[in-house]
**Student:** 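Right, I'll just put the structure down here and ask away after.
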Amino acid sequence: MLALNASVGDAATNCYDFSKSAAETQYHVGDMLQTQHGAINLLNLVSEDGTATQPNPQGATIHNNVPIPGQGENPSLLNHGGLTIQVVPQNRKSSVTLKFAENTGIADNQLWNFGVNGNRKVWRGQLSTLDGQYLGSQQNGGRVRIAVNATPDAPPSYWVRGTVTLTADPVNPQLANRGISKFSFGRSSQLLVDDVCMTDRSWRMPDWMEARPGFGGTPDLDERIHAR
């Protein structure tokens with residue numbers, strides 16, 4: 001069941017924090033979670049040559065361990081490896097933030113898939129590789145800037161934890177279909193994700209509309225939801 005906490009704001013922000021989900025709930029490639037503000041699809045992870053990899057039989061689970069600094073509440077969504085989680089919002093977003101923790105292992109050579117607005121990057125290493133890069137096509141909402149703030153745990157731990165921020169087309173804010181229409185993240189080994197927050201594009205009423213009878217602005221709702 002989705003829980004909703006509404007408050008007044010200039011633009012709606014909807015967050016999946018998984019705290020209302022039963023621990024160890026399991027999802028697999030091909031599953032789709034329909035939520036109030038969009039869909040979450042579980043897809044195959046692909047290798048550098050585009051072929052699908054074999055997903056971990058455990059798939060993705062609601063997991064209570066390995067907390068992420070600053071997360072709202074435990075648990076998190078744990079990708080056990082070999083699958084990609086795609087989020088398709090109901091409407092285009094101006095920004096997305098999410099908290100993550102990745103286990104690099106000794107070799108630090110895990111396969112990553114990260115996609116935004118129809119473009120996907122495939123590489124091996126850490127998520128911080130994407131910091132400062134852009135993904136996205138004009139047909140699917142324009143370019144999106146990616147910022148990654150990550151900090152490794154002290155040895156002997158192999159966990160790296162941090163935050164990803166996606167910002168829609170800051171170079172061309174007048175693009176008609178500007179916004180984040182979909183994004184995805186996948187990894188060949190353990191990846192924890194929590195507090196996936198999506199902010200709607202801000203919209204300001206034109207002066208000519210405010211002056212006409214029958215037009216008047218009402219504040220949007222700042223909605224916080226929990227995915228099951």
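Below, all heavy atoms of this structure are taken into account, side chains as well, without hydrogens, waters or symmetry copies.
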**Student:** Has S157 got a side-chain atom pairing as donor or acceptor with A154's backbone, closer than 3.5 angstrom?
**Tutor:**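 Judged by distance alone, no pair lies under 3.5 Å.
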
**Student:** Under the side-chain contact (heavy atoms from CB on, under 4.5 Å) test against Y27, which residue among L77, N79, T61 passes?
**Tutor:**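 Running side-chain contact (heavy atoms from CB on, under 4.5 Å) over L77, N79, T61 with Y27 returns exactly one hit, L77.
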
**Student:** Under a 4.5 Å cut-off applied to non-hydrogen side-chain atoms, are N113 and S184 in contact?
**Tutor:**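 Not touching, per the 4.5 Å side-chain cut-off.
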
**Student:** Under a 4.5 Å side-chain heavy-atom rule over Ile, Leu, Val, Met, Phe, Trp and Tyr, are L135 and V144 clustered together?
**Tutor:**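 Looking at the clustering, V144 is in the same group as L135.
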
**Student:** Verify, without hydrogens or angle tests, whether N103 (side chain) and G105 (backbone) share a donor-acceptor contact under 3.5 angstrom.
**Tutor:**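 Yes; judged by distance alone, with no hydrogens or angles, the pair exists.
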
**Student:** Please answer: with hydrophobic residues joined when any side-chain heavy atoms are less than 4.5 Å apart, are I40 and V29 in the same cluster?
**Tutor:**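 Same cluster.
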
**Student:** With a 4.5 Å limit on heavy-atom distance, are the side chains of H63 and S76 in contact?
**Tutor:**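 Of all side-chain heavy-atom pairs linking S76 with H63, none is under 4.5 Å.
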
**Student:** To check you understand the geometry: which heavy-atom pair defines the closest contact between Q86 and V88, and what is its length?
**Tutor:**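 Residues Q86 and V88, closest heavy atoms: OE1-CG2, 3.6 Å.
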
**Student:** Would L42 end up clustered with F114 when hydrophobic side chains under 4.5 Å apart are linked, directly or stepwise?
**Tutor:**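 Same cluster.
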
**Student:** Any chance the side chains of T13 and T199 put a donor and an acceptor closer than 3.5 Å?
**Tutor:**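 Looking only at side-chain atoms, T199 and T13 do form a donor-acceptor pair, the distance falling under 3.5 Å.
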
**Student:** Is there a donor-acceptor contact under 3.5 Å from the side chain of T25 to the main chain of I62?
**Tutor:**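 Here the side-chain-to-backbone pair does not exist.
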
**Student:** Can you tell me how far CH2 of W112 sits from CG of L127, rounded to the nearest 0.5 angstrom?
**Tutor:**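 That separation rounds to 4.0 Å.
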
**Student:** On a heavy-atom basis, which atom in R145 and which in G132 lie closest, and how many Å separate them?
**Tutor:**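 Shortest heavy-atom separation between R145 and G132 comes out as NH2-CA, 4.0 Å.
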
**Student:** Can you name the closest pair of heavy atoms from H37 and Y16 and give their distance?
**Tutor:**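 The pair with the smallest heavy-atom distance is C-OH, 4.1 Å.
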
**Student:** Apply the hydrophobic cluster definition, ILVMFWY joined by side-chain contacts under 4.5 Å directly or through others, and give me every member besides I106.
**Tutor:**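 Members other than I106 - counting any ILVMFWY side chain reachable under 4.5 Å - are Y158.
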
**Student:** Are the side chain of D31 and the backbone N or O of H28 linked by a donor-acceptor pair below 3.5 Å?
**Tutor:**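 Yes, because the side chain of D31 sits within donor-acceptor range (under 3.5 Å) of the backbone of H28.
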
**Student:** Rounded to the nearest 0.5 Å, how far apart are CG of L78 and CG of L191?
**Tutor:**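 It comes to 8.0 Å.
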
**Student:** Do N119 and Y134 have side chains that approach each other closer than 4.5 Å (heavy atoms only, starting at C-beta)?
**Tutor:**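 They are not in side-chain contact.
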
**Student:** Quick one: salt bridge (charged side-chain N to carboxylate O under 4.0 Å, His left out) partners of D153, sequence neighbours excluded?
**Tutor:**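 Partners of D153 under the salt bridge (charged side-chain N to carboxylate O under 4.0 Å, His left out) test: R161.
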
**Student:** Please name the pair of heavy atoms, one in A168 and one in G179, separated by the smallest distance, quoted to 0.1 Å.
**Tutor:**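 Closest pair (atom of A168, atom of G179, distance): CB-CA, 3.8 Å.
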
**Student:** Could you tell me which non-hydrogen atom of L83 sits nearest to which non-hydrogen atom of A60, and how far apart they are?
**Tutor:**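 Closest approach of L83 to A60, heavy atoms only: CD2-N, 3.9 Å.
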
**Student:** Is there a donor-acceptor contact under 3.5 Å linking the side chains of N117 and S137?
**Tutor:**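 Their side chains do not contain a donor-acceptor pair, so the 3.5 Å distance test is not met.
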
**Student:** To the nearest 0.5 angstrom, please state how far the CZ atom of R187 sits from the CD1 atom of I85.
**Tutor:**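 Spacing of CZ (R187) from CD1 (I85) equals 12.5 Å.
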
**Student:** What are the two closest non-hydrogen atoms of T104 and Q126, and how far apart are they?
**Tutor:**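 Closest heavy-atom pair between T104 and Q126: CG2-NE2, 3.7 Å.
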
**Student:** Mind checking whether I146 and V164 have side chains closer than 4.5 Å, heavy atoms only?
**Tutor:**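 Yes, their side chains come closer than 4.5 Å.
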
**Student:** For E48, check side-chain contact (heavy atoms from CB on, under 4.5 Å) against everything at least two apart and list the hits.
**Tutor:**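 If we apply the side-chain contact (heavy atoms from CB on, under 4.5 Å) test to E48, skipping adjacent residues, the hits are L111, V122, R124.
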
**Student:** Can L98 be reached from V148 by stepping across I, L, V, M, F, W or Y side chains whose heavy atoms are under 4.5 Å apart?
**Tutor:**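 Same cluster.
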
**Student:** Nearest 0.5 angstrom please: S189 OG to H80 NE2, how far?
**Tutor:**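 Separation between the atoms: 10.5 Å.
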
**Student:** Distance-only, no hydrogens or angles: does the T53 side chain make a donor-acceptor pair with backbone N or O of L45 under 3.5 Å?
**Tutor:**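 Here the side-chain-to-backbone pair exists.
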
**Student:** Drop me the distance from F185's CZ to L166's CG, to the nearest 0.5 angstrom.
**Tutor:**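 It comes to 9.5 Å.
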
**Student:** Rounded to the nearest 0.5 Å, what's the gap from CZ on R178 to CZ on R92? Could you check?
**Tutor:**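 Taking CZ in R178 and CZ in R92, the distance rounds to 11.5 Å.
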
**Student:** Evaluate side-chain contact (heavy atoms from CB on, under 4.5 Å) for V46 paired with R120, printing each intermediate quantity in order.
**Tutor:** CA-CA 10 Å; V46 302; R120 178 175 61 198; 3.5 Å; yes

**Student:** Counting N and O atoms only, with roles assigned by atom type, does the side chain of S94 sit under 3.5 Å from a partner on the main chain of D200, one being a donor and the other an acceptor?
**Tutor:**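 A pair under 3.5 Å: yes.
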
**Student:** Following the transitive rule for hydrophobic clusters with a side-chain heavy-atom cut-off under 4.5 Å over Ile, Leu, Val, Met, Phe, Trp and Tyr, establish whether V87 and L43 coincide in one cluster.
**Tutor:**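 Different clusters: V87 never reaches L43 through Ile, Leu, Val, Met, Phe, Trp or Tyr contacts under 4.5 Å.
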
**Student:** Checking side-chain polar atoms at under 3.5 Å, does S128 have a donor or acceptor matched by the opposite partner on D131?
**Tutor:**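 No, D131 and S128 have no side-chain donor paired with an acceptor closer than 3.5 Å.
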
